[in-house]
Structure formats: C-alpha cells, structure tokens
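Structure record follows, encoded as structure tokens.
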Amino acid sequence: MAVRAGREFLAIPGPTTLPDEVLRAMHRPAVDIYGGPLLALTDSLLADINRLFRTEGRSYIYIANGHGAWEAALTNVLSKGDKVLVLESGRFAVGWGNAAAFLGAEVEVLKGEWDRAVRAAEVEGRLKEDKAGTIKAILVAHIDTSSGVVNDIEGIGKAIRAAGHEALFMVDAVASLGCVPFEMDAWGVDVAMSGSQKGLMSPPGLGFVAVNGRARAAHKRAGLRTPYWDWTARDGQVHYQKYAGTPPEHLLFALRAALDMLFAEGLSEVFRRHRLLAEAVRRAVTVWAKGRALDFNIATPSERSDTVTTILMADGRDPGPLRDYCNAKCGVVLGAGIGELAGKAFRIAHMGHVNAPMVLGTLGVVEMGLTALGIPHCSEGVQAAIEWLGKSVKP
Ligand SMILES: *Cc1c(COP(=O)(O)O)cnc(C)c1O
C-alpha cells in the first residue's frame, strides 16, 4: 500500500519545482525571431541577470545546461596550456576543472575535503607560492550541491587580493543564484556562471555567464574560443547573434515569468525564505541525528548551505531504501548522494519554488520513512522544524 496520490514533491537539487506561472508562460505560440517583443525580452533578461549576479559587467544567455555554461566561461578566457587552480569542496568545481583539462588547460586541484568549505587562507598560501603568476584562473563553486557546503566567496576573493595575484576568479553559482546573496562585483568575481533549473525555477536549458572588464581583457587573448560560445560574436548588434542562432523562445518566456516572481517577492525576501526553510531542515536533521544513524555531511554549521542539505548515513548504512520508500510510498523524491557520497548520503533540496508545506511535508515523509524502516532516530525532528518556523515567521 502507498499514500502517494496527489502531486509529486521534487526535493532534488535540480531540476526544481516549476511554478504554474512559469509553465503557463511557455504555453503559447512561437513568435517572430526578428520582432520587437522578442528583442525587448532579451534586453530585459540580460539586465535582470546582471541584477541577480549584482554586476555592472556583461551577461550572456546560452542554450545550455550548467555544463555548457562552464565550457562557455572557460573557452572565452583561457588558452591551451594555461594553468587553472581548482578549489575542491565536493564534486562541482572539480567537474568544472575536468572540463578545463579536456580543453587543454593544466589543472591543479587545491585538495579540500567533502565535509568542509574551502579555506581562504590555503588559497592565499598557494597563490603566494606562485610568484611567476602561472595560475591564470581559479575555479570554485559557491554552493557545492554534492557536499551541501557554502563557500565564502567574499573571503576567497579577499585572499586572492591579499596574495596580490592576477588570476581570474571564476565562480559557479548554479546552486546559489537567486537563493542566497551573490555579489559579483563587490566580491571581486571576474566570471560567474549559473543555470536556469535550480534557484531560478525554470526548465533546464539556459546557461548564464556574467563577466567583468578583467575577464573581457583576458578574452581578447584567449586561444580556446569557439564560434558558439564566443562573447565577441555574441556582442554583435544583430539579435540573432546573441544566441548564435535561433533564440530559445519558450525558455525565455519561462525565465521572464520566473524572474518576475522573484522580483515581485523581493530578492531579500527570497533569500530570507531560503534561510528560514533551510534552517527548518537543519533543525529536523539535528534531532534525527540523536539516533546516531545519520548526520550532516558538513561538519561546521555555518558552512551548511541554504539550498541543499546533504545527510550522511552512519556505519555504512545504504540510504537507498529510505529514498525508495519516500518516493514509492509517499511521492517525495529525495536527492541521492553523488561522487564520493554515492551510496552513503541522501540530499534534501530546499531551493527555488519552495514553501513551508513543501519543506515540512518532505521532512514529515523522511521521518515517516525512518520510522517505517526502523532506522534509529529521535522522532521529534519535524516538531523542531515546526517550532523554528513558528517562532521565526511572525504573525
Ligand atoms: C547542477 C550543478 C551544475 C551542473 O548543472 P547542469 O545543468 O546539470 O549541467 C554545476 N554546478 C553546480 C554547483 C550545480 O549544482
């Protein structure tokens, strides 16, 4: 028997739940690709992507997922043989670095751990050793969706400047943009990238890259440029060039609706909502962890992200049965552990179009699964989440 009729809850870190407004925005005929309304739509989206990244630089929209936006960022500023320093804190910066290596860059990984954030002091130390300035770019994920860590991008930016190093600071904001504060210019980020299907509540298929003047200067010398990703080609006056071909019209309609929702709520309110709901998840996990069968993957509370929580099972216990139970019996889809955490962890995403019933419902189902499967836990987890939200969200 099951209790899963009704709407399925996606609690995976992307793609995330699509608002009905976003779905409806796509349900319309295609339009002329040379007409004024589509040109105005592109202009409005590019301006608003700058607003999300908080930059006075220039943004590009690619028909691509996050992996495509990674490649767009790399090919526009690097040449074969350039050295790239990857700051490890999970899987994603390393994945970006692997793409750089495939393209012909020389990649060095600043070894990190999967249970903690990148340490700015270690970055500063490594850069100070590079007196000849051979490192051309530094790659880091703001929030690493595999480990559930949030990195201190502002602090790493300061460390790069303290080392007096000229490398481009390149940040993956796929799992953070539109969910938590991101300050591209104030933090000294030269290239930032993101995608449509996580915090931005849109279908997968759009990749975003924002670049400042330093990155544009590096672009002029870059040897890895290709026609599809190239910024100079996309800077052309003809609208068609901005997408290197036919614009992804329906994805643009969707994104417009999603960004309208974010701005109508107010970005600071959106960030506060994410923080409150993430903390509700953390309160529940803290209580469940008293049973010693599971715990947070990220050891230090302040390094746990507000968009995804990675929960590690103790004693080599397989999280598979819990995920299967939640999905098959209750219609809640939890994220699997990936990379080093495959078969060891599960993830609860709380990013994008999420509210209290979705998060409390998900937590309730996880606690139900822990009970049904006889996994040791303290059973007051959902109660702790309710108390946190009840105290924090004032009448
Ligand atoms: C999801 C994700 C990616 C990859 O995005 P795709 O759209 O799946 O290619 C990259 N970086 C981070 C931090 C992510 O969460």
Side-chain angles (χ1 to χ4, degrees), residues 10-18 49 52-53 60-75 84 86-100 102 109 112 114 117-118 138-153 156 169-180 182 184 189 191-210 228-229 248 251 254-255 258 274 278 297-298 303-310 333-342 345-352 354:
L10 265 194
I12 58 172
T16 60
T17 299
L18 294 171
I49 290 163
L52 287 175
F53 280 117
Y60 298 89
I61 301 173
Y62 292 95
I63 305 169
N65 59 15
H67 285 68
W70 276 350
E71 194 164 322
L74 296 169
T75 55
V84 169
V86 169
L87 311 182
E88 182 186 23
S89 62
R91 177 184 193 149
F92 284 93
V94 173
W96 196 4
N98 289 344
F102 196 117
V109 176
W114 279 55
V118 171
I138 298 162
L139 310 183
V140 66
H142 184 198
I143 289 176
D144 188 294
T145 326
S146 59
S147 64
V149 81
V150 59
N151 283 309
D152 176 8
I153 300 302
I156 296 168
F169 187 23
M170 302 177 63
V171 179
D172 173 335
V174 177
S176 56
L177 195 70
C179 304
V180 303
F182 190 86
M184 176 163 164
V189 175
V191 179
M193 51 72 59
S194 193
S196 51
Q197 82 278 22
K198 302 208 177 163
L200 301 185
M201 314 187 295
S202 299
L206 295 179
F208 313 113
V209 179
Y228 184 73
W229 304 121
L251 294 179
L255 182 67
H274 278 84
N297 176 57
I298 297 300
E303 296 180 352
R304 294 173 189 151
S305 87
D306 283 341
T307 59
V308 58
T309 299
T310 301
V333 187
L334 300 173
I338 56 173
E340 274 183 23
L341 299 177
F346 68 97
R347 297 177 295 162
I348 300 174
H350 27 85
M351 68 172 88
V354 281

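All figures in this text were calculated on a predicted structure; none of them were measured in a lab. Note that these values count all heavy atoms, side chains included, but never hydrogens, waters or copies made by symmetry. In each ligand, atom 1 is the first atom listed, and ligand 1 is the first ligand listed.
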Discussion item. I'd like the contact residues of ligand 1, where contact means a heavy atom below 4.0 Å.
Written reply: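 Residue list for ligand 1: Asn65, Gly66, His67, Trp70, Phe92, Ile143, Thr145, Asp172, Val174, Ala175, Gln197, Lys198.
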Fill in: Ser194 (side chain) donor-acceptor with Leu177 (main chain) under 3.5 angstrom
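Not at all, since once roles are kept as given, no pair shorter than 3.5 Å links the two residues.
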Worksheet entry | Residues which pass side chain to side chain donor-acceptor pair (under 3.5 Å) with Thr16, listed by chain and number, not counting sequence neighbours |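 So Thr16 forms no side chain to side chain donor-acceptor pair (under 3.5 Å) with any residue.
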Fill in: Residue pairs involving residues 88-99 (criterion salt bridge (Lys or Arg N to Asp or Glu O under 4.0 Å); sequence neighbours excluded)
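Non-adjacent pairs meeting salt bridge (Lys or Arg N to Asp or Glu O under 4.0 Å): Glu88-Lys111.
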Worksheet entry | Heavy-atom closest contact (Met184 atom, Ala192 atom, distance) |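 Here Met184 and Ala192 meet closest at SD-CB, 3.8 Å.
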Worksheet item: Considering residues at least two apart in sequence or located in another chain, which fulfil the side-chain contact (heavy atoms from CB on, under 4.5 Å) criterion with Ser202?
Response: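 Listed in chain order: Ser196, Leu255, Ala258.
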Worksheet entry | Nearest-0.5 Å distance that lies between atom OG1 in Thr309 and atom CD1 in Ile348 |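 These two atoms lie 6.5 Å from each other.
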